[in-house]
Each structure stands twice: as structure tokens, then as C-alpha cells.
Amino acid sequence: MNKELLEALDVLEKEKEISKETLFEAIENSLLTACKNHFGKADNIKVEINRETCDFLCYAQKEVVATSEEVEDDLLQISLEEALKHSKKARVGEILNVEIKSKEFGRIATQNAKNVILQKIREEERSVIYNQYFEKEKDVVTGIVQRYVGKNISVNLGKADGILSESEQVEGEVFRPTERIKVYILEVKNTTKGPRILVSRTHPELVKRLFESEVTEIKDGTVEIKSIAREAGSRSKIAVWSNNPDVDAVGACVGQSGARVNSIVEELRGEKIDIVNWDENPGNLIQNALSPAKIVAVFADPDEKTAKVVVPDYQLSLAIGKSGQNARLAARLTGYKIDIKSETQAKDTPGFRYEDYIGEYDDEEYGEQYEDGYENEYTENHEEGQVGSLAESYEESQPEGNEE
């Protein structure tokens with residue numbers, strides 16, 4: 001038994017995750033390569049390796065001819081006299097397997113055989129690493145900061161390094177070597193030098209995956225993250241929905257005393273996170289998305305995917321947010337193009353008043369539906385400082401017509 005070879009294959013299979021069968025094939029190919037280098041060709045040469053003992057046999061299939069004078073090629077033919085030395089059953093015209101001693105190979109042939117095995121091991125190792133990280137594409141992993149490469153950062157992900165490019169870094173974040181960080185795997189490319197892994201700290205899915213790992217209810221499907229909007233390093237808004245009426249979606253994400261959301265905020269270096277309830281009614285959803293601002297009314301158009309929002313005068317700047325951030329994130333979260341005005345501005349602006357919509361529903365087909373449905377909903381919610389809605393749908397855009 002070739003014990004040393006067997007132990008070496010076991011180590012490679014365990015550490016590099018390369019199957020033994022692949023390694024056996026590499027050894028067989030290396031021996032064929034050595035034969036070709038030694039004899040000039042290897043068309044009739046076969047290699048067999050015992051998978052249990054690692055003993056191998058290399059032989060040439062030669063045609064038996066009557067006399068040595070008839071032998072035209074020593075590699076392809078053998079005289080009957082020589083054949084009988086290998087097998088007493090040899091007969092003219094038959095094919096005889098003649099063993100080739102690998103020790104007879106020259107130094108160059110042996111070196112080439114070694115290179116074939118090493119090349120195959122490297123290829124398989126790259127393939128294993130690529131497949132391993134390709135399965136983690138669009139997921140979050142923990143990495144260790146290695147070094148800065150120009151403006152990019154090299155992050156060790158375990159068996160491979162990821163590249164955190166400048167465009168995927170959060171502005172203002174600075175990392176120290178050996179620091180552990182969580183990154184989102186954007187893409188895994190297979191190259192001749194091994195897998196190239198691109199990671200991100202700015203992608204909205206990073207926040208989503210962090211919540212999935214932190215919140216048990218999201219992991220088991222009880223709570224769903226319906227939408228997410230993010231301005232990396234500054235603020236994120238997520239809309240959540242509970243499939244169980246007994247489970248509070250927002251409360252599950254926040255955790256006891258804010259423990260769950262705080263751990264995510266800490267990982268994101270203090271980035272603020274607003275968690276709101278998802279609602280199929282776009283008016284209610286827009287109201288939730290614009291929190292903490294209070295809303296007087298929302299007029300949503302499903303065809304144009306726009307929404308006109310009325311807020312109390314003292315809440316206008318809060319609804320819009322610093323540099324328009326709150327309204328901008330709400331627009332991305334809901335998908336609606338949102339235009340916000342104060343109650344004072346709305347009185348003199350078409351489209352922001354209840355009476356502007358009466359004419360659209362005066363015909364017989366919609367009149368009754370409008371009066372029984374929307375009018376009552378608007379009136380009740382307006383009195384409560386809540387919201388009325390004309391439709392369900394959404395689109396992303398930046399708020400217009402208002403500056404802080």
C-alpha cells in the first residue's frame with residue numbers, strides 16, 4: 001500500500017475540500033503526460049490506480065508480432081519472443097499489456113508530471129473557493145480588514161479576499177487593519193487568478209440581511225421586510241409587515257429596550273434606522289413613511305404614481321427633513337413621487353384640497369362610490385389628523401416644490 005500518498009490525499013481532501021477522485025484523475029493524467037514526454041506519445045498507454053491502496057499500474061497496450069524484424073514501433077508492437085517473457089499465454093495478433101516502470105522516466109518527464117498534479121490542485125482549489133462564495137452572493141459575511149489598496153480596502157473573508165471599492169464604502173468610515181466588519185457580497189467573478197469577490201457597505205440589502213440575522217421573526221417568515229430605502233452612513237427606512245396578527249412587526253424589529261435595532265445601528269457605525277409598518281393602502285403607507293412628521297391628508301394617484309401630502313404648518317420642515325432627506329427616503333420606500341405642502345400653502349394650491357377631487361367623481365358610475373367611500377374616509381381621518389388615500393401603488397422620486 002502506498003501509505004504516504006493515501007495520507008497526502010486525505011489531507012488535501014480535508015483542508016482544500018478537493019475530492020479524492022479528482023486527485024486520482026490528476027495523478028493518472030500526470031503519469032500519461034510523463035509517458036508522452038518520455039516516449040514521444042501515449043496513445044496506447046493506460047494508467048490504473050487502486051482507490052483503496054493508492055497502488056498504481058502504468059502499462060502500454062502492444063500488438064504481438066511473430067518476430068523482432070516485424071516490429072516497426074517498439075511502443076506499439078512487441079515480438080512474440082519478448083511477449084512470452086511477460087505472459088506465457090501471449091499469441092501473435094493479440095494485444096498484450098506491458099508494464100511501464102515509472103522509475104525509468106527522466107527528470108524532465110517527472111518534473112512535468114509533478115507540475116500537472118500541482119496545476120490540477122490549484123485549479124480545483126480555486127473552483128472550490130469560487131463555488132463556496134458564489135453561494136454566498138447577495139448575502140452578508142464577516143470579514144477582517146487586511147489593508148488599503150489605493151482607495152480600495154482588501155477584506156479577508158476566510159479562504160479568499162474581498163475588494164471593498166471606494167464607491168461601496170460609506171463616506172466617513174475608516175477601518176483599522178485586523179478590524180472585523182460585516183460586508184454584503186455584491187458579485188463573485190471567476191478569473192484565472194482565482195475568484196474576485198466584490199463587497200459593499202453601502203448596499204440597502206446589507207441592512208435587510210442584518211435584520212434577517214438579528215430578528216428571529218424575520219428569519220422564520222413571521223415578519224417580512226417589504227421595502228427598504230437607505231442613504232448609507234446617514235439614515236435608513238424600512239417598512240415591515242407581520243403575517244401574524246398577534247406579532248407586532250415594528251416591535252419585533254426594535255427588540256426589548258431597542259436591543260435588536262441597536263446592535264444593527266452599532267454595526268452600521270451609528271446610522272439612524274426608522275422602522276415603519278407596511279400598509280397596502282398607499283396613503284397610510286406614505287403617512288407611516290414620513291414619520292415622525294404628522295400628516296393631515298394624502299392624495300395618491302395610482303396611474304401617475306404621485307402623491308400630494310398636506311402637513312401642519314409647524315411640521316413642514318420635519319416632514320421634508322434635513323436637505324430633503326426624510327421626504328426623499330419616504331419616496332424611495334413607498335415608490336411614490338411625493339409633493340409636500342403645509343396647510344397654509346395647500347389652501348391656495350390645486351390638487352391639495354378636498355374640493356379639487358369632487359369633479360372627477362361627479363358621473364353616475366363613480367359618484368356614489370366616491371361619496372360613500374373616499375369622502376367619509378377623508379373627513380374622518382382629516383378630523384383625527386390622519387390620512388385619506390385615492391389609490392394603491394408606488395414609485396420612487398425626489399420631493400418637489402419644497403426646500404427646507
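This structure is a prediction, so every number in the text was calculated from the model and none was measured.
- In this structure, Ser87 has no side-chain hydrogen bond (donor to acceptor under 3.5 Å, both in side chains) partners at least two apart in sequence or on a different chain.
- Leu84 is not listed as a side-chain neighbour of His86, based on a closest heavy-atom distance of 4.5 Å or more.
- By the 4.0 Å N-to-carboxylate-O rule, Lys347 lies too far from Glu343 to be salt-bridged with it.
- In summary, Lys138 and Glu212 do not engage in a salt bridge, as defined by a charged side-chain N under 4.0 Å from a carboxylate O.
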- request: Mind running side chain to side chain donor-acceptor pair (under 3.5 Å) on Glu13 and Ser19 for me, showing each step along the way?
  value: CA-CA 5 Å; Glu13 184 175 45; Ser19 68; 5.9 Å; no
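- For residues 154-172, every residue pair satisfying the side-chain hydrogen bond (donor to acceptor under 3.5 Å, both in side chains) rule, not counting sequence neighbours, is listed here: Glu17-Lys159, Asn156-Asp161, Ser165-Ser167, Glu168-Ser200, Glu168-Thr202.
- Remark: Ile121 pairs with Leu12, Ile18, Leu23, Ile117 by the side chain to side chain contact (heavy atoms under 4.5 Å, CB included) rule, at least two apart or across chains.
- When the side chain to side chain contact (heavy atoms under 4.5 Å, CB included) test is applied to Pro177, no partner is found at least two apart in sequence or on another chain.
- Glu94 and Arg91 are not joined by a salt bridge, as no carboxylate oxygen comes within less than 4.0 angstrom of a charged side-chain nitrogen.
- The closest donor-acceptor contact from the side chain of Glu63 to the backbone of Ile95 lies at 3.5 Å or more, if one exists at all.
- Although no hydrogens or angles enter the test, the distance criterion places a donor-acceptor pair under 3.5 Å between the side chain of Asn44 and the main chain of Gln61.
- Formation of a donor-acceptor pair under 3.5 Å by the Arg328 side chain with backbone atoms of Ser323 is found in this model.
- Formation of a donor-acceptor pair under 3.5 Å by the Asn326 side chain with backbone atoms of Leu290 is found in this model.
- Annotation: side chain of Val215 is not in contact with side chain of Val223 (no heavy-atom distance under 4.5 Å).
- Residues satisfying the side chain to side chain contact (heavy atoms under 4.5 Å, CB included) test with Ala319, not counting sequence neighbours, are Ala293, Val311, Ile340.
- Using a 4.5 Å heavy-atom threshold, the side chains of Ile275 and Val240 count as touching.
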- request: Start with the C-alpha distance between Thr306 and Asp301, add both sets of side-chain angles, then the distance that settles side chain to side chain donor-acceptor pair (under 3.5 Å), and finish with yes or no.
  value: CA-CA 5 Å; Thr306 60; Asp301 188 327; 4.8 Å; no
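- Contact check for Asn243 versus Glu224: side-chain heavy atoms found under the 4.5 Å cut-off.
- Applying the salt bridge (charged side-chain N to carboxylate O under 4.0 Å, His left out) test to residues at least two apart or on different chains, the pairs with a partner in residues 19-34 are Asp10-Lys20, Glu21-Arg51, Glu28-Arg51.
- Pairs of residues two or more places apart, or lying in two chains, that qualify as ring-ring contact (aromatic ring centres under 6.0 Å, His included) and include a residue from residues 140-198 are Tyr184-His203.
- If you check the side chains of Thr222 and Asp220, you find a donor sitting under 3.5 Å from an acceptor.
- Contacts of Phe24 classified as ring-ring contact (aromatic ring centres under 6.0 Å, His included), with partners at least two apart in sequence or in another chain: none.
- Between the side chain of Gln315 and the backbone N or O of Lys294 there is at least one donor-acceptor pair closer than 3.5 Å.
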- request: For the pair Val276 and Ile238, evaluate side chain to side chain contact (heavy atoms under 4.5 Å, CB included) and give the outcome as yes or no after the intermediate values.
  value: CA-CA 6 Å; Val276 302; Ile238 67 170; over 6 Å; no
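- Taking SG from Cys253 and CG from Asn277, the interatomic distance works out to 9.5 Å, rounded to the nearest 0.5 Å.
- A distance of 11.5 Å separates CD in Gln119 from OG1 in Thr33, rounded to the nearest 0.5 Å.
- The pair Glu123-Arg126 fails the salt-bridge criterion, with no side-chain N (NZ, NE, NH1 or NH2) lying under 4.0 Å from an Asp/Glu carboxylate O.
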- request: Evaluate the side chain to side chain contact (heavy atoms under 4.5 Å, CB included) criterion for residues Glu271 and Ser236: first the C-alpha distance (whole Å), next the side-chain angles of each, then the deciding distance (0.1 Å), finally the verdict.
  value: CA-CA 7 Å; Glu271 181 176 316; Ser236 291; 2.5 Å; yes
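- Heavy-atom neighbours of Glu99 CD from other residues, nucleotides or ligands within 6.0 Å: above the threshold of 12.
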task: Given side chain to side chain contact (heavy atoms under 4.5 Å, CB included), test Ile286 with Val309 step by step and report yes or no.
output: CA-CA 9 Å; Ile286 292 169; Val309 178; 4.0 Å; yes
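- With sequence neighbours excluded, the residues forming a side chain to side chain contact (heavy atoms under 4.5 Å, CB included) with Leu329 are Ala229, Glu231, Arg235, Lys237, Gln325, Arg332, listed by chain and number.
- The shortest side-chain heavy-atom distance between Val92 and Val65 does not fall under the 4.5 Å cut-off.
- Considering only residues two or more places apart in sequence or on other chains, Phe134 meets the ring-ring contact (aromatic ring centres under 6.0 Å, His included) condition with Tyr130.
- To the nearest 0.5 Å, the span separating CZ on Phe352 from OG on Ser342 amounts to 10.0 Å.
- Residue pairs satisfying the salt bridge (charged side-chain N to carboxylate O under 4.0 Å, His left out) criterion with at least one member in residues 244-263, sequence neighbours excluded, are listed as follows: Glu217-Arg260.
- Scanning both residues, Lys208 and Ile228, for their nearest heavy atoms gives N-CD1, 3.9 Å.
- Counted by atom type alone, Ser68 and Glu82 present zero donor-acceptor pairs between their side chains at under 3.5 Å.
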message: Determine whether Leu268 and Leu210 satisfy the following criterion, side chain to side chain contact (heavy atoms under 4.5 Å, CB included), listing intermediate values before the conclusion.
response: CA-CA 10 Å; Leu268 298 176; Leu210 290 175; 3.9 Å; yes
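- Taking the ring centre of Tyr59 as origin, the terminal cationic atom of Lys46 falls outside the region bounded by 6.0 Å and 45° from the ring axis.
- A donor-acceptor distance shorter than 3.5 angstrom exists from the side chain of Ser227 to the backbone of Leu333, with no hydrogens or angles considered.
- The existence of a salt bridge linking Arg201 and Glu267 is confirmed by a sub-4.0 Å separation between a basic side-chain nitrogen and an acidic carboxylate oxygen.
- Within the 4.5 Å cutoff, no side-chain heavy atoms of Arg176 are placed close to those of Val145.
- With hydrogens and angles ignored, the 3.5 Å screen pairs no side-chain donor or acceptor of Ser127 with any backbone N or O of Glu124.
- Side-chain contact check for Lys341 and Thr349: no donor-acceptor pair (N or O, by modelled atom type) lies under 3.5 Å.
- Residues meeting the ring-ring contact (aromatic ring centres under 6.0 Å, His included) test with Phe211, sequence neighbours left out: none.
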